[in-house]
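Comments concern the structure below.
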Amino acid sequence: MDRAKYDHVVKNFFTCDPAALTEILQELLAALSAEETLPPVHAMSQNYETAQANPEIHILPGNLKDARDAIFPYFWGTDGWSSPLHLENVRGPANYASFVGAVACLLKNPNLCTDTYAQRSNELEVKSVTALANLLFYHTRDPWGIFTIGGTISNMYGARIGIEKVVPGAMRQGLREWGRVVGIVSEASHYCNQTIAGWTGMGTDNLLAIPTDPSLAMRLDRFAETLDRCYQRGDKVAFVIPTFGTTDAFGVDDVEGIRAILDETADRHGQPRPHLHVDAAVGWVLAFFSAYDFNDNPLHFSPDLLALLKRAVKHARGLRYADSVTLDFHKMGWGHYPASAFIVNQKSDLKYLSRSVAETPYFAGADPRRDPALFSLECSRPGLGPYTVMASLNGLGLTGWQLLVARSLELADKLKDRLERLDYCKVLNRDTTGPSVVFQVYAKGRDAKAIHREVEEGTMTPERYARFASEVRRLFEKREKTMDPRNDARLSFTTNIGYKPHGLSLPAWKAVFFNPRTDETVIDRLIDSIEELV
Ligand SMILES: *Cc1c(COP(=O)(O)O)cnc(C)c1O
């Protein structure tokens with residue numbers, strides 16, 4: 001072996017050189033600040049054609065600058081989402097406390113599968129899930145949790161517990177002998193629940209979606225009927241996954257109401273109670289206001305905002321009735337990916353996921369209290385979640401979080417008000433307590449509220465509505481073509497907000513207030529651009 005070449009590799013890639021690393025970090029930061037002066041569009045066009053044709057690998061060992069050069073064009077060609085004009089979706093700029101946590105994590109690179117490979121980083125995971133559990137459940141005795149790579153996987157943990165609760169032994173024997181095993185969500189729930197139904201082997205046909213009411217919340221009457229029907233025909237109901245903050249319109253399901261119906265119906269039919277897992281991937285941040293002093297109002301929120309937050313706190317109380325919750329820190333936690341947490345109210349529920357030490361021979365001597373690999377879906381697991389979450393929670397503090405979230409809700413509410421005043425606009429989620437605004441824009445001269453009233457009353461035919469729907473879409477596309485990327489906010493479009501009166505899917509423009517630097521001038525310009533357009 002050529003020892004000199006080998007030593008070169010070890011020196012350049014396994015010896016920490018603070019000067020070389022800091023220099024590259026400074027260069028990346030300089031590129032980042034240059035980007036912040038540009039409008040929010042891709043700085044560089046994509047080149048998929050040769051990405052596959054030329055997947056080159058260097059021949060000779062180089063240095064850290066080669067590593068930099070290998071990724072730089074792609075780094076530069078990726079939007080950091082820092083512009084206040086980004087209103088498209090549940091996607092924000094990551095906060096820099098999270099960055100500090102992430103860098104610390106990367107330097108140590110713990111593997112959270114077991115205590116042996118993660119030492120105090122595992123302790124940090126326990127600390128952060130407990131902090132989050134206290135926020136969600138308010139007072140709870142024995143919560144536990146785990147970080148996953150996303151809301152999809154966190155929901156899958158909840159679904160999997162449910163399956164094992166009603167089909168004991170399914171982890172070993174599968175679902176075959178048990179007839180139909182079903183799960184229940186709302187029509188406004190995230191599509192990841194379909195993924196889960198498919199991937200757990202339950203089958204997407206067995207995921208039942210309950211219609212929502214105009215506030216995008218699951219209809220309890222229809223839920224009760226469906227549940228009863230399931231039991232009458234002998235189905236095993238494994239789980240119900242209410243949504244706490246739907247992705248498009250921020251509908252919040254009534255978790256307390258669902259819990260009451262669920263337990264009563266299961267008991268009446270002599271069936272085990274299904275697992276109640278709440279998908280709060282987006283909406284969990286409302287829990288930050290549970291301890292806010294609404295009388296003293298120390299942060300001087302306006303009376304309108306206070307009223308909105310009081311409603312939010314009422315919703316958030318529902319979380320206390322959940323058996324488990326999904327919470328995405330990489331959404332309204334303004335954190336880095338991946339940072340989703342799956343949290344159970346009672347640790348004992350994790351027994352439905354557990355494997356014996358015999359089934360995990362790599363981890364002989366493992367202890368479930370410290371070694372999540374005994375019940376986790378993943379084997380190796382990144383430490384980014386706990387590091388970014390604890391750094392963010394304590395960097396910003398409860399008050400910082402309250403200010404950030406309240407500002408998002410305040411701006412969304414202001415835009416809703418402004419849009420509702422235009423005859424040819426209709427806001428479809430006026431009463432939800434989240435950062436998103438879904439609305440329809442018609443040609444000038446139309447009465448948007450009257451059109452919507454007909455939809456709700458059931459006097460609108462699907463054929464007529466299809467023409468209105470295409471007008472909403474056409475105007476959105478016209479704005480996309482004519483907008484000035486330097487001044488005009490970027491919005492997105494949804495073909496179905498999740499509420500389907502008389503079976504009609506409602507299309508809408510969507511604006512989500514997620515960037516802390518977005519302000520009223522962006523709203524003013526948005527309203528002007530709509531008035532100029534129609
Ligand atoms: C985003 C989202 C998910 C999926 O979460 P990922 O982290 O993207 O996997 C699930 N549920 C809701 C309500 C969401 O908004």
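Whatever order the structure lists ligands and atoms in, that order sets their numbers, starting from 1. For this chain, numbers begin at 1 and follow the sequence in order.
For His277 and Tyr157, the gap between ring centers reaches or exceeds 6.0 Å.
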Using a 3.5 Å cut-off on N/O to N/O, what pairs does ligand 1 make with the protein? A line per pair would be great.
{"unit_1": "ligand 1", "atom_1": "5 (O)", "unit_2": "Gly151", "atom_2": "N", "d": "3.3"}
{"unit_1": "ligand 1", "atom_1": "5 (O)", "unit_2": "Asp328", "atom_2": "OD2", "d": "3.2"}
{"unit_1": "ligand 1", "atom_1": "5 (O)", "unit_2": "Lys331", "atom_2": "NZ", "d": "3.4"}
{"unit_1": "ligand 1", "atom_1": "7 (O)", "unit_2": "Gly151", "atom_2": "N", "d": "2.7"}
{"unit_1": "ligand 1", "atom_1": "7 (O)", "unit_2": "Asp328", "atom_2": "OD2", "d": "2.7"}
{"unit_1": "ligand 1", "atom_1": "7 (O)", "unit_2": "His330", "atom_2": "NE2", "d": "2.8"}
{"unit_1": "ligand 1", "atom_1": "9 (O)", "unit_2": "Gly151", "atom_2": "N", "d": "3.1"}
{"unit_1": "ligand 1", "atom_1": "9 (O)", "unit_2": "Thr152", "atom_2": "N", "d": "3.0"}
{"unit_1": "ligand 1", "atom_1": "9 (O)", "unit_2": "Thr152", "atom_2": "OG1", "d": "2.9"}
{"unit_1": "ligand 1", "atom_1": "11 (N)", "unit_2": "Asp279", "atom_2": "OD1", "d": "3.2"}
{"unit_1": "ligand 1", "atom_1": "11 (N)", "unit_2": "Asp279", "atom_2": "OD2", "d": "2.6"}
{"unit_1": "ligand 1", "atom_1": "15 (O)", "unit_2": "Thr247", "atom_2": "OG1", "d": "2.8"}
{"unit_1": "ligand 1", "atom_1": "15 (O)", "unit_2": "Lys331", "atom_2": "NZ", "d": "3.1"}

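Using a 4.0 Å cut-off between charged side-chain N and carboxylate O, Glu164 and Arg160 make a salt bridge.
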Checking side-chain contact (heavy atoms from CB on, under 4.5 Å) for the pair Met218/Ile258: CA distance, chi angles, key distance, verdict? CA-CA 9 Å; Met218 185 190 289; Ile258 290 172; 3.8 Å; yes
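Every side-chain contact (heavy atoms from CB on, under 4.5 Å) that Asp519 has, sequence neighbours left out, goes to Arg407, Thr521, Val522. Annotation: side-chain hydrogen bond (donor to acceptor under 3.5 Å, both in side chains) contacts of Tyr292 (sequence neighbours excluded): Asn297.
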Can you list, pair by pair, the side-chain donor-acceptor contacts under 3.5 Å of residues 197-205, counting residues two or more places apart and other chains?
{"unit_1": "Thr200", "atom_1": "OG1", "unit_2": "Ile196", "atom_2": "O", "d": "2.8"}
{"unit_1": "Thr200", "atom_1": "OG1", "unit_2": "Ala197", "atom_2": "O", "d": "3.3"}

